[in-house]
2 protein chains.
Amino acid sequence: MYKPATIKDIAAALNLSPSTVSRALRDGYEISAETKKTVVAYAQSVNYKSNPNALGLKNKRSYSIGIVVPELANSFFSQAIAGIESVAYEKGYHTIISQTHDSTERESINVNHLANRSVDGLLISMSSGTTDYDFLTRLNKNGLPIVFFDRIIDEIDTFKVTSDNQSGAFKATGALVGMDCRRIALLASAPQLSITNERLAGYKEALSHHHIPFSESLVRYCYKGGSDYQEVEDALKELLANTDKPDAIFIGSDSISICCIRAIKNLGLDTGGIKIAGFSNSDVVDLLQPSIIYVRQRAFEMGKIAVEMLLKLIESRYPITEFETRVLDTELYCP
Amino acid sequence: MYKPATIKDIAAALNLSPSTVSRALRDGYEISAETKKTVVAYAQSVNYKSNPNALGLKNKRSYSIGIVVPELANSFFSQAIAGIESVAYEKGYHTIISQTHDSTERESINVNHLANRSVDGLLISMSSGTTDYDFLTRLNKNGLPIVFFDRIIDEIDTFKVTSDNQSGAFKATGALVGMDCRRIALLASAPQLSITNERLAGYKEALSHHHIPFSESLVRYCYKGGSDYQEVEDALKELLANTDKPDAIFIGSDSISICCIRAIKNLGLDTGGIKIAGFSNSDVVDLLQPSIIYVRQRAFEMGKIAVEMLLKLIESRYPITEFETRVLDTELYCP
DNA sequence: GTGAAAGCGCTAACAC
DNA sequence: GTGTTAGCGCTTTCAC
């Protein structure tokens with residue numbers, strides 16, 4: 001079996017002490033330029049890589065980060081995770097991915113497991129039903145760095161990154177208005193979610209911008225955030241049963257968009273007159289029937305930014321007290 | 001910051017030595033039943049978890065496994081990874097995921113990086129263009145456990161898990177025949193891939209089963225395995241330009257299926273008379289237009305089985321010489 | 001049946 | 001500017 005070179009090996013080969021080698025490799029200020037050069041060159045030549053276990057043991061760090069998402073096999077999240085991995089990998093961090101399937105219970109269990117596994121930090125996009133954030137607050141207070149992405153919460157003060165959901169919803173709703181729709185229904189995700197409210201706000205903003213009155217009767221929430229098909233189908237049926245039938249529907253999430261299209265197909269609905277717009281990061285959304293106007297988020301980039309924030313938090317030598325919330329813009333596609 | 005309990009802590013609290021505690025926790029035969037009980041109970045009560053870094057340092061293991069796939073944000077692979085994670089997580093392993101984008105070069109770079117990062121083992125689904133497996137053979141010979149899933153190779157003798165691609169292709173082609181198609185074209189993935197040849201075999205088998213002659217002119221390969229849209233579009237155009245136009249197309253991969261549907265849409269082709277069937281694990285394939293008959297693989301399960309095999313390899317105390325190849329069945333869906 | 005001690009690879013006081 | 005030493009948490013010989 002291949003045995004990787006250690007600092008000791010290098011030290012022995014170069015007639016130096018291990019500590020000198022260690023310092024040289026990490027560019028310690030006490031080491032002479034010449035020694036550094038020799039050491040670095042030799043380390044290169046034997047393909048030296050620091051042993052993460054030894055480092056972790058010493059520094060009390062695991063060099064692993066926990067990722068908690070509702071669903072891994074969902075376009076948006078798999079794209080975000082691809083972004084996360086691309087940075088984490090490069091910086092020498094492992095990941096542990098866990099899915100909640102939008103269940104609050106699994107979410108808190110998973111988060112606690114991850115914390116016990118001594119991850120160095122946590123990237124999380126909240127489940128749709130969660131309203132009690134104690135389990136996170138406690139861990140965060142105890143020193144576990146957390147960064148929220150996409151589905152963020154106000155209750156914990158830390159780095160966050162999300163999309164400009166309001167403007168995304170504004171653009172999509174506006175596009176529907178531009179197609180002469182006036183009775184635009186909203187099929188929203190769970191009201192606990194940050195993204196739901198931001199998208200609702202964008203929807204309302206567009207209506208008022210175009211002097212269209214807002215009507216509660218045209219809004220339905222899907223509390224399971226699209227993970228429960230039946231809920232979406234029922235909401236859709238209710239909307240269409242309105243005495244004054246909507247002429248367009250704006251859908252507030254990726255999976256609800258899919259469910260809704262499936263419901264239209266399953267119910268054999270004639271949506272000839274009804275225009276549909278929605279958030280979606282599916283790579284085949286342009287091929288779906290009926291076709292929809294869609295808002296796409298910069299998922300990959302969001303993942304990258306989220307880890308970068310987390311690593312800043314983890315690797316900072318001083319406690320950070322100033323937190324930033326990054327908001328990424330969205331793109332509207334009209335087929 | 002929360003400080004986890006160590007073996008030392010337990011030893012001190014119970015007036016025992018660390019070694020006794022260690023042995024008791026791992027059910028060492030030398031320890032009296034009573035001591036074991038006390039130790040285990042106390043460890044429970046303080047929520048003791050062994051420190052993976054210390055363990056890894058001692059045992060020269062990283063408790064992490066590398067995953068190499070062509071594309072993370074692809075339905076099949078994200079489902080497989082969900083399966084991998086579900087097992088790995090439970091068994092206390094981290095993962096490092098890397099994508100090749102079907103490039104042989106990135107594949108060998110990534111694999112070598114992972115090996116340098118001292119992963120304990122590797123799960124890999126080969127890139128479409130790879131024909132030289134030296135970089136894998138070498139690592140495997142050096143003791144790195146490897147398990148292949150989905151896109152497997154014959155050249156390395158180890159555990160493998162894949163789908164019954166031949167029977168899947170047989171079923172799909174048969175379904176097309178059942179719809180009165182006789183000139184069935186094949187849009188295949190890269191010929192280097194195991195899955196391509198198995199699916200080709202199933203296609204041929206179905207033809208001969210129904211006494212339909214096989215014709216090379218109805219077969220096109222996509223060497224980029226669907227990651228290059230243009231290649232698929234060109235292949236499709238060629239097939240349709242055949243003097244004797246095909247009345248059906250069977251598509252040998254998920255991403256090529258998507259590309260093909262997109263091409264039909266982009267080219268504004270009238271596919272009224274042409275039936276389409278293909279492999280796909282997309283969760284929205286049933287909503288695509290034109291609709292297709294599709295074969296679905298048990299991706300999640302394949303991921304689970306693959307890690308289980310890998311962990312068996314990693315954790316075995318004796319070198320394993322008998323390797324198994326598991327073949328999972330597929331399901332055919334006719335819309 | 002239990003304890004003492006060494007060592008995995010690395011870093012950080014503390015010498016010199 | 002470089003070396004010595006101790007220790008992170010755990011396992012494992014070797015004593016007793």
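Just so it is clear: chains get the letters A, B, ... in the order the sequence lines come, proteins before strands, and each one is counted from 1. Below, all heavy atoms of this structure are taken into account, side chains as well, without hydrogens, waters or symmetry copies.
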Whole angstrom value for the distance that separates C1' of dT11(D) from CG of Asn53(A) = 14 Å
task = Please state how far atom CG in Leu14(A) lies from atom P in dT2(D), giving the value in whole angstrom units.
result = 11 Å
key: Euclidean distance, atom OH of residue Tyr48(A) to atom C1' of dT11(C) [Å, nearest integer]   = 11 Å
request  = Would you confirm whether Ser127(B), through its side chain, and Thr100(B), through its main-chain N or O, come within 3.5 Å as a donor-acceptor pair?
outcome  = no
note = Contacts of Ile31(B) and Leu57(B) projected onto DNA chain C by closest heavy atom; the upstream (5') one is Ile31(B)
remark   = By nearest-heavy-atom nucleotide on DNA chain D, the more 5' of Lys58(B) and Val21(A) is Val21(A)
remark   = Shortest non-hydrogen pair, Gly129(A) vs Thr104(A), comes out as C-OG1, 3.4 Å
inquiry  = How many whole angstroms separate atom CZ of Arg23(B) from atom C1' of dC14(D)?
reply    = 10 Å
key: Arg326(B), CZ atom: more than 12 neighbouring heavy atoms under 6.0 Å   = no
Toward the 5' end of DNA chain C, by each residue's nearest nucleotide, Ser19(A) or Lys8(A) = Lys8(A)
ask   = Is it true that Arg151(A) and Asp102(A) make a salt bridge, defined as a side-chain N closer than 4.0 Å to a carboxylate O?
value = yes
request  = Give the rounded distance in Å between these two atoms: CG of Leu25(A) and P of dT2(D).
outcome  = 13 Å
query = For the side chain of Asn51(A), counting heavy atoms from C-beta on, which of dG9(C), dC8(D), dT11(C) is nearest?
reply = dG9(C)
ask   = How would you label the contact of Arg26(B) with the nucleic acid (heavy atoms, under 4.0 Å): base, sugar-phosphate, or nothing?
value = sugar-phosphate
key: From Leu144(A) atom CG to Arg138(A) atom CZ, the distance as rounded to the nearest 0.5 Å   = 12.0 Å
ask   = Between dG1(D) and Thr20(A), is there an OP1 or OP2 to side-chain N/O distance shorter than 4.0 Å?
value = no
query = What is the distance from CD of Glu30(B) to C1' of dT11(D), rounded to the nearest Å?
reply = 12 Å
query = Any side-chain N or O of Thr6(A) under 4.0 Å from OP1/OP2 of dG9(C)?
reply = no
message = It should be established whether Thr35(A) places a side-chain nitrogen or oxygen under 4.0 Å from OP1 or OP2 of nucleotide dT2(D).
response = yes
request  = Take atom CG of Asn59(B) and atom P of dG9(D), then tell me their distance rounded to the nearest Å.
outcome  = 17 Å
task = Would you kindly give the OH-to-C1' distance between Tyr63(A) and dC8(D), to the nearest whole Å?
result = 13 Å
ask   = Within less than 4.0 Å of OP1 or OP2 of dG9(C), is there a side-chain N or O belonging to Lys49(A)?
value = no
query = Are Ser22(A) and dA12(C) close enough that a side-chain N or O sits under 4.0 Å from OP1 or OP2?
reply = no
